[in-house]
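Scroll down for the structure; my scribbles are underneath it.
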There are 2 protein chains.
Amino acid sequence: MPKPRLQKADTHARIVDIAAKRFRERGIHEISLADLMSEAGLTVGGFYKHFSSRDELVVEAFVASCQDAVSWSRGVSSYQQAVTEYLAENHRDHPETGCAVAALVGDVKSESHSVRAAYTREVRRNLEFFSSLAPADGALAKRQAGMFIFSACIGALELSRSIDDPKLSRDILRAVRKLLVDETPARRSLKRQKRRRASA
Amino acid sequence: MPKPRLQKADTHARIVDIAAKRFRERGIHEISLADLMSEAGLTVGGFYKHFSSRDELVVEAFVASCQDAVSWSRGVSSYQQAVTEYLAENHRDHPETGCAVAALVGDVKSESHSVRAAYTREVRRNLEFFSSLAPADGALAKRQAGMFIFSACIGALELSRSIDDPKLSRDILRAVRKLLVDETPARRSLKRQKRRRASA
DNA sequence: ATTATCTATAGATCTATAGATAATGC
DNA sequence: ATTATCTATAGATCTATAGATAATGC
């Protein structure tokens, strides 16, 4: 039963949004176009009136995923909040609305040039975000701290998602959260100062 | 042209070794049984005389991959050496002989119970290895430091492999290497002591 | 005769295309 | 008449199975 005049652009966006969720949730190749179209209430046949290829959808869906990260970062005002929320069990359990860089970190290796380019842009945006919040002095130190923090976050989140032991999964998130928040150079020197002031 | 009596066990091991390489290199589902058998100089038909299913090969290949990590860790005697070699460009460029936990961190989410169980065992073994070398005092601190270090290493390695900018890729490896080796709690307090001694 | 491997193929996907269909808007 | 979507299908995989074949070892 065709339903014309119901805004083609809306349908297009709906397909992209669904793909953006499912790709992060299950991986780019673990879901078929038929499944995605069906979730949108459509059939496979119509797909190529919206996209010239599967790859085109992958790129659009990835870019759409990044919007979730942009919205999230707007609500984050401190380094501690960023790390705590990124490494929360809630984020681990909901890859479909979470960080696309983490969710697709293994997948993109075998993707097209366009996908990898979009991915690299998003990595760079994330590094800038974490650098801007990083407790470090000077542009270079901030940049390096951003790379360090983002790497630790991605590694911990993906490890916690991949193992099948819930306790170990939680322990990894907690340990990395703790060491990132407590044991960062600037924070440590802050603590030292407090200790000194207290003992004086 | 069949070649009987040439040790079935040898052929079996050869298939497993090839799979162990290709799965790490390209991902578990980006390579077909036909391709693997062909690289072993065989045809697909014979596959099921060696394995009851594709999944069985995935498990055996994963376990075989872990041997590379065990051999590697035997030659590692210090924390600094572990981090430096793990985050080397050479490791980044040769996933086929490198850490299977990193190479398959995204892939295992959609794999069978057996694969995920083997993966979890290997994560645990790696955590123990990094914990044993970690510059931290006390069993708990060592355990947490191991999780922290391994997460940062996996995140940095996989990010460096996924992006398409060689310079950024190298910068990430370098920054994480530097901050892990220089800025670890125990090392920092060591440095502080040296500074104090020098100024005294 | 046994056994490892081969050829051939069934059955299940999945991407992509061709042409039909039905609701809107002139 | 136009246009968005549908049904149907071609062509390319990929896993798994059935039965044939050829080299060894009795």
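Keep in mind that the numbers below use all heavy atoms, side chains included, and drop hydrogens, waters and symmetry copies. Sequence lines set the chain letters: A, B, ... in the order given, protein chains first and strands last, and positions in each chain run from 1.
- Taking the six-membered ring where tryptophan is involved, the planes of A:F148 and B:F148 are perpendicular, since the angle between them exceeds 60° and thus also 30°.
- Atom CZ of A:R14 is separated from atom P of D:dA4 by 14 Å (rounded to the nearest Å).
- Between the side chains of A:T120 and B:D164, at least one donor-acceptor pair of N or O atoms lies under 3.5 Å.
- The CG atom of B:L42 sits 20 Å away from the P atom of D:dT21 (whole-angstrom rounding).
- Whole-Å rounding puts the A:K49 NZ to C:dA20 C1' distance at 11 Å.
- A salt bridge links B:R22 with B:E25: the distance from a Lys NZ or Arg NE/NH1/NH2 to an Asp or Glu carboxylate oxygen falls below 4.0 Å.
- Using a 4.0 Å cut-off between a side-chain N of Lys or Arg and a carboxylate O of Asp or Glu, B:K167 and B:D171 qualify as a salt bridge.
- The distance between atom CE of B:M37 and atom C1' of C:dA4, rounded to the nearest whole Å, is 10 Å.
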Base-pair string, DNA chain C, Watson-Crick plus G-U, cut-off 3.5 Å on both distances, | for inter-strand, is ||||||||||||||||||||||||..
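- At a threshold of 4.0 angstrom between heavy atoms, the contacts of B:H50 are confined to the sugar-phosphate backbone, with no base atom among them.
- Around atom NZ of B:K109, more than 12 heavy atoms belonging to other residues, nucleotides or ligands sit under 6.0 Å away.
- B:H29 comes within contact range of no nucleotide atom at all, as no heavy-atom separation falls under 4.0 Å.
- Taking a cutoff of 4.0 Å between a charged side-chain nitrogen and a carboxylate oxygen, A:R92 and A:E89 qualify as a salt bridge.
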Counting primed atoms, P, OP1 and OP2 as sugar-phosphate and everything else as base, the B/S/- map of nucleotides 11-16 of chain C against protein heavy atoms under 4.0 Å is ---SSB
For the pair B:S112 and B:D55, evaluate side chain to side chain donor-acceptor pair (under 3.5 Å) and give the outcome as yes or no after the intermediate values. CA-CA 7 Å; B:S112 72; B:D55 185 63; 2.8 Å; yes
